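The block underneath contains the structure these notes are about, expressed in structure tokens.
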Amino acid sequence: MLLAIDVGNTRIKGAVFENDTILEQFIFLKKDFKKNIENILKKFQSVAFLTVASVGSLDKNDFLGFGERLKVHFISHEDSFPFINLYETPKTLGMDRMVLAAGAVLQFPEQNRLVIDAGTCITYDFVDENDNYLGGAISPGLRLRYEALHNFTARLPLLELDSPKSIIGNSTSQSIHSGVVNGAINEIDGFINDYKQHYSKFTIILTGGDAEFLAKRLKNTIFANSNFLLESLSHLFQYKIKND
Ligand SMILES: Nc1ncnc2c1ncn2[C@@H]1O[C@H](COP(=O)(O)OP(=O)(O)OP(=O)(O)O)[C@@H](O)[C@H]1O
Ligand SMILES: CC(C)(CO)[C@@H](O)C(=O)NCCC(=O)O
Ligand SMILES: [K+]
């Protein structure tokens, strides 16, 4: 069994895998990550491997302690990935984006793919049919948009994510919801339509904490898979074992 851990910007997510199947999932905060992982390992005694991808404040050293009872692999830029990285600054490319690109290649071979991760940030990553990773875009995620509007103004309240009633916000809160939600929806649909100008066919994968909320509101029909990053960790782990 494999325990895959995704250290995000806000939260840590984990899943226990038996081959490609998720047996159980977890979400926890950084402050008690060690205790949480200990508990998972207690419950799933057959976990023999731990794989970690981090864009957050935890690094390799934070996971060394688990090396006594598990084989720990902390994914780094030095690993081999199943794509050709054409990013001009490959060393600064976020590990979550690299894992998503790897998952797209391994799960959707021989096609153009656009991965959209709607988490703390919304990231766009494009890997073409020849497995060239080209790059994409980074923009603020939904929660970040609400917080930015509140934190950088004197009068805007901090609101919880909610569906706007209309494109035309008729109150402060409706204006904020329309700006954040309709703004993000138009952004995502806009990006997809721009990519369509350059590539006639591509597979779109939408993931992240806001994937389901966004998927049903987009004009483009796309399938949301909130677990795509965790599943990609499992696929990348198997790729590594095959290629080692
Ligand atoms: N309990 C929660 N805490 C934070 N965000 C949440 C929560 N529940 C839902 N969300 C939504 O998920 C989004 C954050 O996505 P996600 O959980 O994937 O981010 P993350 O943990 O920081 O990971 P990453 O850094 O990989 O994006 C927020 O915009 C928010 O709307
Ligand atoms: C963009 C985020 C914050 C999204 O989690 C992460 O992928 C990251 O820190 N990236 C580094 C910059 C880059 O990907 O070019
Ligand atoms: K993200």
Side-chain angles (χ1 to χ4, degrees), residues 4-15 22 25-33 36-37 51-59 74-77 79 81 83 85-104 114-127 133-151 158-164 173 176-185 187-188 191 204-218 224-233 236:
I5 301 276
D6 154 33
V7 182
N9 300 283
T10 319
R11 307 187 285 176
I12 299 176
K13 277 156 247 148
I22 294 183
Q25 269 175 270
F26 318 84
I27 297 185
F28 41 89
L29 295 173
K30 186 197 150 193
K31 64 174 171 52
D32 31 39
F33 85 98
N36 277 294
I37 293 179
T51 189
V52 185
S54 175
V55 293
S57 50
L58 297 179
D59 62 24
F74 191 88
I75 304 173
S76 81
H77 289 90
D79 287 6
F81 286 82
F83 54 82
N85 196 339
L86 298 182
Y87 213 50
E88 260 191 36
T89 59
K91 292 267 177 300
T92 71
L93 176 58
M95 199 45 70
D96 50 354
R97 302 178 67 191
M98 292 186 70
V99 172
L100 292 168
L114 173 64
V115 188
I116 305 171
D117 181 351
T120 301
C121 296
I122 303 177
T123 53
Y124 301 81
D125 292 289
F126 196 82
V127 196
Y133 173 83
L134 303 181
I138 304 170
S139 77
L142 295 185
R143 182 93 216 118
L144 197 52
R145 292 176 199 220
Y146 280 109
E147 289 194 1
L149 289 175
H150 173 64
N151 289 340
L158 179 61
L159 303 182
E160 289 293 322
L161 175 63
D162 200 2
S163 242
S173 51
I176 293 173
H177 290 309
S178 181
V180 170
V181 175
N182 292 325
I185 287 165
E187 173 190 302
I188 295 171
F191 266 115
I204 305 170
I205 301 138
L206 177 62
T207 190
D210 291 316
E212 273 175 39
F213 179 88
L214 290 167
K216 47 182 186 250
R217 292 170 172 85
L218 293 170
N225 177 0
S226 309
N227 294 330
F228 191 72
L229 183 51
L230 288 168
E231 287 171 10
S232 297
L233 279 170
L236 184 58

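Treat the numbers as computed from the prediction; the structure is a model and nothing was measured. As the structure lists them, so they are numbered: ligands from 1, and atoms in each ligand from 1. Numbers for residues simply follow the sequence, beginning at 1.
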Nearest non-hydrogen protein atom, atom 15 (O) of ligand 1: Gly119 CA, 3.1 Å
Top protein contact for atom 15 (O) of ligand 2, by heavy-atom distance: Tyr87 OH, 2.6 Å
Atoms in ligand 2 flagged as close to Ile138, the criterion being non-hydrogen separation under 4.0 Å: 1 (C), 13 (C)
Test side-chain hydrogen bond (donor to acceptor under 3.5 Å, both in side chains) applied to Asp79 - qualifying residues, sequence neighbours left out: His73
Count of N, O or S atoms belonging to protein, less than 3.4 Å from the K ion (ligand 3): 2
Option with minimal heavy-atom separation from atom 14 (O) of ligand 2, where the choices are Gly94, Ser54, Gly208: Gly94
Winner among Leu229, Asn9, Thr123 once heavy atoms are compared against atom 25 (O) of ligand 1: Asn9
Atoms of ligand 2 close to Thr123 [distance to a heavy atom under 4.0 angstrom, numbered from 1]: 1 (C), 4 (C)
Heavy-atom gap Thr92 to ligand 2 smaller than 4.0 Å: yes
Distance from atom 29 (O) of ligand 1 to nearest protein heavy atom, with residue and atom: Asp210 OD2, 2.5 Å
Minimum-distance protein heavy atom relative to atom 27 (O) of ligand 1: Thr120 N, 2.9 Å
Separation between CG of Leu230 and CD of Gln25, rounded to the nearest 0.5 Å: 6.0 Å
Those atoms of ligand 1 less than 4.0 Å from some heavy atom in Gly209: 12 (O), 15 (O), 16 (P), 18 (O)
Shortest protein heavy-atom distance from atom 26 (O) of ligand 1, along with the residue and atom involved: Gly8 CA, 3.8 Å
Please report, to 0.1 Å, the donor-acceptor pairs under 3.5 Å made by any side chain of residues 136-143, with sequence neighbours excluded.
residue, atom, partner, partner atom, Å
Ser139, OG, Arg145, NH2, 3.2
Ser139, OG, Glu187, OE1, 3.4
Ser139, OG, Glu187, OE2, 2.7
Arg143, NE, Glu147, OE2, 3.3
Arg143, NH1, Leu159, O, 3.4

Where ligand 2 meets Arg97 - atom numbers and elements under 4.0 angstrom, heavy-atom basis: 7 (O), 13 (C), 14 (O), 15 (O)
Closest approach of any protein heavy atom to atom 2 (C) of ligand 1, naming residue and atom: Arg11 NH1, 3.1 Å
Nearest non-hydrogen partners of Val55 and Asp96, listed with the distance: CG1-OD1, 3.2 Å
Sub-4.0 Å atoms of ligand 1 with respect to non-hydrogen atoms of Lys13: 16 (P), 17 (O), 18 (O), 19 (O), 20 (P), 21 (O), 23 (O)
Region of Asp117 that comes within reach of ligand 2 [heavy atoms, distance under 4.0 Å]: neither
Asp162: partners by side chain to side chain contact (heavy atoms under 4.5 Å, CB included), with sequence neighbours left out: His177
Steps toward side chain to side chain contact (heavy atoms under 4.5 Å, CB included) verdict (Phe81, Ile75): CA-CA 10 Å; Phe81 286 82; Ile75 304 173; 3.7 Å; yes
Single hit among Thr207, Leu218, Ile188 for side chain to side chain contact (heavy atoms under 4.5 Å, CB included) with Ile116: Ile188
Euclidean distance, Thr10 OG1 relative to Ile27 CD1, rounded to 0.5 Å: 11.0 Å
Residue portion contacting ligand 2 (non-hydrogen atoms closer than 4.0 Å) for Asp96: side chain
